[in-house]
There are 2 protein chains.
Amino acid sequence: MNKIIMSSHKTTSTAAPEKFGFRDVKREVFERIRNNKWGPGTQLPGEVELASTFGCSRATVNRAMQELSDDGIIERRRKGGSHVKLAPIRQVKFEIPLVRVEVESRGSEYRYQLISSEVMAAPHWLQVRMDLQVASPVRHVRCLHSADGAPYQYEDRWINLFAVPRAEDANFSKIGPNEWLVNEVPYTNAEVRFGATNADHTISQHLKTIDGDPIFLAERSTWHAGVQVTFVRLYFPRGYQMIAKY
Amino acid sequence: MNKIIMSSHKTTSTAAPEKFGFRDVKREVFERIRNNKWGPGTQLPGEVELASTFGCSRATVNRAMQELSDDGIIERRRKGGSHVKLAPIRQVKFEIPLVRVEVESRGSEYRYQLISSEVMAAPHWLQVRMDLQVASPVRHVRCLHSADGAPYQYEDRWINLFAVPRAEDANFSKIGPNEWLVNEVPYTNAEVRFGATNADHTISQHLKTIDGDPIFLAERSTWHAGVQVTFVRLYFPRGYQMIAKY
DNA sequence: CTCATTTTTATGTATAGACATAATAAAGTT
DNA sequence: AACTTTATTATGTCTATACATAAAAATGAG
């Protein structure tokens with residue numbers, strides 16, 4: 001299965017000449033970097049050289065190197081050539097699924113419960129947070145997501161009705177505002193901030209924890225076409241862990 | 001600056017025929033998806049059709065669509081064609097830089113301080129955590145990272161000396177174990193878990209917080225070539241926020 | 001020597017053409 | 001109708017070629 005080139009020459013006589021696709025090239029180059037054969041800072045061979053080394057076209061090498069660059073493994077500059085990154089600032093990727101999907105994928109029974117909902121003028125702190133015009137109408141929704149009957153996430157959300165007028169009449173008693181918004185206003189830009197906080201009385205009441213318990217808090221701001229659509233605070237009870245791999 | 005195609009026909013007579021590169025194609029397609037012109041689930045035109053629409057080659061369209069697929073915007077299947085994703089499970093990307101770099105990029109003065117270091121046999125809980133052979137030698141290092149004199153991150157790290165023998169004699173009094181490891185064993189696989197916890201006495205002492213204060217906790221396990229290299233717990237005082245955009 | 005100009009070069013991007021592959025659709029068989 | 005086989009088709013990938021572009025390196029002027 002594994003295609004490995006031992007020497008840097010084109011092909012040894014014994015091995016089958018198996019064509020190198022861009023995946024093979026990518027894996028090979030990455031392997032050499034990992035093995036410290038090409039350590040941090042090393043200038044890599046040019047695309048033409050690599051192409052002849054691996055017996056493929058420059059376009060193929062180019063795609064491989066392009067992806068390695070996207071992955072943050074190497075840096076490329078015109079004329080300067082490709083270099084192994086000095087500080088491997090590797091990026092973590094993870095998906096933020098719908099709560100419902102997240103709960104169900106753990107094999108738990110998902111339940112949603114609307115706690116409160118009201119339409120009002122944006123309070124001052126929110127105007128600042130959401131960069132709103134003074135007194136824009138917003139819908140404030142609070143709800144609870146449970147897994148197997150136990151509180152899983154407390155959601156405190158503000159929706160900009162100027163950006164999403166239809167949210168004023170949306171019915172959030174059965175599906176949560178997040179799921180509704182995702183269908184209504186897909187493909188937004190967002191910024192998430194993670195941190196820790198204490199449970200105040202309201203939170204501990206809904207999450208069934210004790211006042212002062214540590215809470216994992218995620219704040220998300222979401223934009224569409226330049227205007228902020230929603231601002232939400234998600235509270236997770238102690239023990240919740242968000243997992244990311246890279 | 002903005003190149004916008006109004007109709008779906010090749011080119012209108014008035015507008016300049018400006019060539020569409022893969023970026024233009026990508027932006028155009030994404031724009032139509034965002035505008036709900038092509039809503040969730042919609043089957044997109046085939047590559048040949050798009051190519052003639054935008055007046056470029058199929059390869060160009062292919063690259064644009066490939067990237068949209070990588071970005072999680074669309075789904076592609078051979079013969080099935082390209083579809084706008086139903087549930088836009090957008091992925092969050094963020095970088096985990098070196099603490100030093102993180103602090104310095106905020107314009108603060110970084111300081112590092114070694115608290116303790118000892119070589120020992122792995123305690124039982126760690127053996128389980130790191131999937132080690134019984135009683136592998138490990139180096140336990142605790143240290144503190146500060147920004148402008150204020151505690152920024154308390155680091156509690158275990159290094160598998162079987163995987164990284166040179167770590168036994170490494171000097172961690174001036175540069176931290178993370179920075180050392182990143183240079184010694186680059187390009188590893190890792191898993192990070194985020195959560196919230198309470199400050200116990202040790203933590204609150206070093207982070208200068210009060211016992212019981214909420215702490216943002218990140219646990220990271222790192223592998224190289226199949227064996228776990230290190231396990232680290234990072235404690236951030238209240239107020240710390242990790243920011244991710246997407 | 002210093003500075004501005006030209007040349008060189010590695011990567012960036014686009015293209016037409018070719019074949020591979022997976023999966024659907026269509027046709028044929030029982 | 002249910003099943004098998006074949007054809008069709010959209011995407012996946014590779015190639016050779018071409019030109020663009022940024023930046024280093026070489027060159028020349030003062």
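Within every chain, numbering begins at 1; the chains are lettered A, B, ... in the order of the sequence lines, protein sequences first and strands thereafter.
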Outermost nucleotides of DNA chain C that come under 4.0 Å of a non-hydrogen atom of chain B: C:dT13 to C:dT24

Nearest-Å distance, [atom1] ([X]) to [atom2] ([N])?
X	N	atom1	atom2	result
A:Asn62	D:dT13	CG	P	15 Å
A:Phe20	D:dT15	CZ	C1'	17 Å
B:Glu75	D:dG12	CD	C1'	17 Å
B:Glu49	D:dT11	CD	C1'	15 Å
B:Met65	D:dG12	CE	C1'	13 Å
B:Glu67	D:dT13	CD	P	14 Å

According to ring-ring contact (aromatic ring centres under 6.0 Å, His included), who are the partners of [X], at least two apart in sequence or on a separate chain?
X	answer
A:His145	A:Tyr110, A:Tyr112
A:Trp180	A:Phe172
A:Tyr240	A:Tyr152, A:Phe216, A:Phe236

The criterion is side chain to side chain contact (heavy atoms under 4.5 Å, CB included); which residues satisfy it with [X], sequence neighbours excluded?
X	value
B:Ser146	B:Arg111, B:Leu144
A:Ala51	A:Val61
B:Glu67	B:Phe22, B:Lys26, B:Arg63
A:Arg34	A:Phe30, A:Glu31, B:Tyr187, B:His224, B:Ala225

Check ion pair B:Glu49-B:Arg58 (N to O, under 4.0 angstrom):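 No.
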
Stretch residues 39-47 of chain A: residues that reach within less than 4.0 Å of DNA chain D through a heavy atom: none

Audit row: B:Gln228, B:Asn160, side chain to side chain donor-acceptor pair (under 3.5 Å) steps and yes/no: CA-CA 7 Å; B:Gln228 189 159 348; B:Asn160 180 4; over 6 Å; no

Phosphate OP1/OP2 of D:dT13: any A:Arg63 side-chain N/O under 4.0 Å: yes

Pairs touching residues 101-110 of chain B that satisfy salt bridge (charged side-chain N to carboxylate O under 4.0 Å, His left out), sequence neighbours left out: B:Arg100-B:Glu104, B:Glu102-B:Arg106

Salt bridge (Lys or Arg N to Asp or Glu O under 4.0 Å) partners for B:Arg77, two or more places apart: none

Per-nucleotide protein contact string for nucleotides 17-28 of chain D, where B marks a base within reach and S marks sugar-phosphate only (heavy atoms under 4.0 Å, - for neither): -B--BSBB----

